[in-house]
A.B. asks: 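Please read through the structure below; I'll follow up with questions.
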Amino acid sequence: MSGAEHPAPAIHPELKRLRDSIDNIDAALIYMLAERFKCTQQVGALKARIDLPSSDPGREAAQIERLRRLAEGAHLDPDFAAKFLNFIIKEVIRHHDSFRTAEQA
């Protein structure tokens with residue numbers, strides 16, 4: 001018998017409930033990130049227009065520290081939170097750089 005002929009095993013109801021919650025949270029994260037990037041793209045366009053650098057190391061360091069504290073309060077690994085925000089910041093700076101390039105063209 002091939003694998004296609006075997007019926008899918010039943011999923012434990014609690015496992016399904018937990019997975020459904022995870023799926024909902026993942027969807028919310030995507031929509032929240034999309035909203036965040038809409039805001040940061042406006043910041044990038046403004047920075048390009050008023051000739052500010054794409055990166056603001058002081059703000060970035062303060063935000064990372066802020067998220068580390070929030071993570072600790074939420075019982076989330078602060079190192080993970082910092083890595084996550086650093087990843088987002090790098091993407092934001094890349095977007096800001098693209099606005100600067102577009103302004104110069």
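Throughout, residue positions are numbered sequentially from 1 according to the sequence presented. Since the structure is predicted, the reported quantities are computational estimates derived from the model, not experimental observations.
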A.B. asks: Flag yes if more than 12 heavy atoms outside Phe37 fall under 6.0 Å of its CZ atom; otherwise flag no.
C.D. replies: yes
A.B. asks: Are the side chain of His96 and the backbone of Thr40 linked by a donor-acceptor contact shorter than 3.5 Å?
C.D. replies: yes
A.B. asks: Would you compute the distance between atom CD1 of Ile93 and atom OG of Ser54 and round it to the nearest 0.5 angstrom?
C.D. replies: 7.5 Å
A.B. asks: Between Asp56 and Lys47, does any side-chain N to carboxylate O distance fall below 4.0 Å?
C.D. replies: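 Not counted as a salt bridge, because no side-chain N and carboxylate O are separated by less than 4.0 Å.
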A.B. asks: Any chance you could measure Arg36, atom CZ, to Cys39, atom SG, to the nearest 0.5 Å?
C.D. replies: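 The CZ atom of Arg36 sits 9.0 Å away from the SG atom of Cys39.
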A.B. asks: Run the side chain to side chain contact (heavy atoms under 4.5 Å, CB included) test on Leu70 and Leu67 for me, step by step, so that the C-alpha distance in whole Å, both residues' side-chain angles and the decisive distance to 0.1 Å come before the verdict.
C.D. replies: CA-CA 5 Å; Leu70 288 171; Leu67 250 66; 4.2 Å; yes
A.B. asks: Walk me through whether Arg94 and Glu91 qualify under salt bridge (charged side-chain N to carboxylate O under 4.0 Å, His left out).
C.D. replies: CA-CA 5 Å; Arg94 188 180 70 78; Glu91 185 65 11; 2.5 Å; yes
A.B. asks: Please name the pair of heavy atoms, one in Pro78 and one in Ala71, separated by the smallest distance, quoted to 0.1 Å.
C.D. replies: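 What the structure gives for the nearest pair is CA-CB, 3.9 Å.
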A.B. asks: Which distance, rounded to the nearest 0.5 Å, do you find between the CZ of Arg66 and the CZ of Arg68?
C.D. replies: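 These two atoms lie 14.5 Å from each other.
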A.B. asks: Salt-bridge test for Lys16 and Asp20: reply yes if a basic N is under 4.0 Å from a carboxylate O, no otherwise.
C.D. replies: yes
A.B. asks: Is there a path from Ile88 to Val43 through hydrophobic residues (I, L, V, M, F, W, Y) whose side chains come within less than 4.5 Å of each other?
C.D. replies: no
A.B. asks: Once you round to the nearest 0.5 Å, how far does CZ of Phe84 lie from CD1 of Ile64?
C.D. replies: 12.5 Å
A.B. asks: Show, in sequence, the C-alpha distance, side-chain angles and deciding distance for Asn86 and Glu60, and conclude whether the side chain to side chain contact (heavy atoms under 4.5 Å, CB included) test is met.
C.D. replies: CA-CA 8 Å; Asn86 271 314; Glu60 293 155 19; over 6 Å; no
A.B. asks: Take Ile22 and Asp26 through the side chain to side chain contact (heavy atoms under 4.5 Å, CB included) test and state the conclusion after the steps.
C.D. replies: CA-CA 6 Å; Ile22 290 167; Asp26 287 347; 3.8 Å; yes
A.B. asks: Can you tell whether the side chains of Glu14 and Arg17 come within less than 4.0 Å, N to carboxylate O?
C.D. replies: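 A salt bridge is present here (some side-chain N lies under 4.0 Å from a carboxylate O).
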